[in-house]
Number of protein chains: 2
Amino acid sequence: MGVVHDGQDGRYERAHRPARSEEKSPADRRSGIRLAALRLFAEQGYRSTTMTDIGAAVGIRGPSLYKHVASKHELLAEIMIGTMEQLIADNIAAVGGTDDVREQLRRSVEAHIRYHARHRLEAFVGNREIGNLEPPDQERVLSSRSDYERRYRELIERGAAEGAFEVRSARIASYSILDMGIGVASWFHEGGESSVDQLAYQYGDIALRIVNAY
Amino acid sequence: MGVVHDGQDGRYERAHRPARSEEKSPADRRSGIRLAALRLFAEQGYRSTTMTDIGAAVGIRGPSLYKHVASKHELLAEIMIGTMEQLIADNIAAVGGTDDVREQLRRSVEAHIRYHARHRLEAFVGNREIGNLEPPDQERVLSSRSDYERRYRELIERGAAEGAFEVRSARIASYSILDMGIGVASWFHEGGESSVDQLAYQYGDIALRIVNAY
DNA sequence: GAGTTCGGCTAATGACCATTAGCCATCAGA
DNA sequence: TCTGATGGCTAATGGTCATTAGCCGAACTC
């Protein structure tokens with residue numbers, strides 16, 4: 001499900017219908033559809049969103065979407081797989097940047113929070129629509145999800161083994177940290193009491209307190 | 001989906017004996033339907049659950065459900081309104097039992113966790129299906145939800161004012177505490193690593209650590 | 001033991017929906 | 001200018017669903 005295959009090589013510069021109110025290169029169209037689908041899935045839910053809704057959001061009729069997308073399900077699958085891949089990639093980067101477990105946990109949590117604040121719609125849909133994914137994709141997402149959780153659990157276990165953390169249950173510590181981050185996607189909005197950076201920092205603190213790192 | 005029914009010929013010998021293995025008083029029937037709906041909504045989502053599914057789960061046909069229930073939506077609304085009312089009632093009881101803010105927070109969190117562990121399906125559905133509630137009920141649930149969140153926020157603000165807690169943002173502290181509890185509903189299962197009581201106690205600790213009560 | 005109620009059932013009804021078919025205008029490139 | 005691809009569009013197609021209508025047997029009432 002890769003991300004776009006844009007036009008394979010940008011050979012054709014399009015630029016047709018110049019300067020209309022909106023530019024519609026093939027890639028623009030596709031990502032416009034994806035964005036519209038994401039917003040609608042987040043707002044109304046996958047099952048309640050119709051192809052007609054998505055089409056209307058980008059100014060075309062429902063059936064015309066099939067000139068750009070294989071199915072409604074594909075739109076959902078791309079969102080969810082992309083979300084998990086990004087979360088895992090961010091986590092790998094966060095952990096890889098230092099050798100100190102405390103700092104690894106802090107950076108992991110900050111990345112987790114940043115993602116959930118900056119990509120709230122993706123995270124929100126990613127958490128709510130798992131049951132609407134079809135078999136091949138659902139397993140893939142669930143498996144990524146387990147990997148992601150395991151990375152946190154093992155990090156905390158390692159910290160505990162090294163004496164940096166002290167937890168009664170690494171499982172509970174990791175779930176509580178992950179879950180409070182997931183919650184961010186449902187209430188955060190830019191321009192509120194805190195900026196994304198402040199939020200990330202404060203949740204980093206909270207996580208370290210949860211594992212008794214202080 | 002065939003349940004055993006003799007249909008067709010019209011002269012079904014049914015044998016719906018009252019004194020069989022399953023008792024079917026009107027109240028039993030109704031709560032059986034509610035429970036079936038709850039399970040199905042939790043597992044498949046509200047939109048993906050059909051009246052036929054719910055009927056099959058209690059051994060009758062979809063349309064027969066209307067002899068007991070006004071609509072599919074009513075089933076969802078009852079679950080969600082009941083959930084919020086119980087959470088608020090539990091919270092009032094928790095706070096009312098003592099005058100010490102620390103203890104009030106601990107008891108509140110324990111009640112929150114207990115509910116999310118013991119009534120995971122209700123809590124799970126209650127958090128996922130808000131968007132599928134229709135206007136009158138949706139507003140009611142959203143308003144209860146705000147009240148519930150406010151109770152936590154104000155409790156934490158009061159604790160901070162009294163010097164018992166120390167938080168950078170009462171809003172973030174309350175959301176993180178509530179969200180980690182909500183998460184419990186998605187992974188907890190009886191017979192796992194922790195009992196409900198252990199879970200409640202540990203989350204109580206975590207909450208007190210989040211507000212720097214130690 | 002006749003009438004009433006209860007709670008099943010089957011068959012509509014009336015929508016709604018994802019997806020496919022097939023048509024056509026535009027346009028880039030030859 | 002011709003041609004093929006692109007990306008719209010309208011009309012099916014084939015399903016699914018909540019809900020309603022109307023029928024009927026069994027149990028309960030008096």
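So that the names make sense, note that chain A is the first sequence line, chain B the second, and so on, each numbered from 1. Quick note: numbers below take in every heavy atom, side chains included, and nothing from hydrogens, waters or symmetry partners.
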How many Å lie between CD1 on B:I33 and C1' on C:dG7, as a whole number?
10 Å
Using a 4.0 Å cut-off on heavy atoms, which residues in residues 63-71 of chain A reach DNA chain C? List them by number, or say none.
A:P63, A:Y66, A:S71
Report all side-chain donor-acceptor pairs from residues 51-60 of chain A shorter than 3.5 Å, counting only partners two or more places apart or in another chain.
from, atom 1, to, atom 2, distance (Å)
A:D53, OD1, A:T50, OG1, 3.4
A:D53, OD2, A:T50, N, 3.0
A:D53, OD2, A:T50, OG1, 3.3

Between CG of B:N132 and P of D:dA18 the distance, given in whole Å, is 12 Å
Are B:L155 and B:R158 side-chain neighbours, meaning at least one heavy-atom pair lies under 4.5 Å?
yes
Residue-phosphate contact under 4.0 Å: A:R29 side-chain N/O, D:dG8 OP1/OP2:
yes
Find the bend of the helix from C:dG1-D:dC30 to C:dA30-D:dT1 as the angle between its two terminal axes (five pairs each), to the nearest 10°.
10°
Looking at A:E149 and A:R171, is there a salt bridge between them, counting it only when a charged N and a carboxylate O are closer than 4.0 Å?
no
Any heavy-atom pair between the side chains of B:M180 and B:H116 that's under 4.5 Å?
no
Side chain of B:K72 - closest among C:dT19, D:dT19, C:dC9:
D:dT19
Ignoring hydrogens and angles, tell me if any N or O in the side chain of A:Q104 forms a donor-acceptor pair with the backbone of A:T98 under 3.5 Å.
yes
Between atom NE2 in A:H73 and atom P in C:dC17, what is the gap in whole Å?
19 Å
For DNA chain C, what residues of residues 48-56 of chain A have any heavy atom nearer than 4.0 Å?
A:T49, A:T50, A:M51
Sorted by chain and number, sequence neighbours left out, side-chain contact (heavy atoms from CB on, under 4.5 Å) with B:R114 holds for B:E110, B:R118, B:V196, B:D197, B:A200
For atom CG of A:D28 and atom C1' of D:dT6, their distance in whole Å
16 Å
On DNA chain D, check which nucleotide each of A:R61 and A:R47 is closest to and give me the residue with the more 5' one.
A:R61
Please state how far atom CD in B:E74 lies from atom C1' in D:dT19, giving the value in whole angstrom units.
14 Å
Side-chain donor or acceptor of A:Y46 paired with backbone N/O of A:L133 under 3.5 Å
no
Those residues at least two apart in sequence (or on a different chain) that pass side-chain contact (heavy atoms from CB on, under 4.5 Å) with A:L121 are A:L38, A:R39, A:A42
Test: B:R150 and B:E157 ion pair at under 4.0 Å
no
Please work out which of the three classes, parallel, tilted or perpendicular, describes the rings of B:Y148 and B:Y152, given edges at 30° and 60°.
perpendicular
Distance check, rounded to the nearest 0.5 Å: A:E154 atom CD versus A:S174 atom OG?
10.0 Å
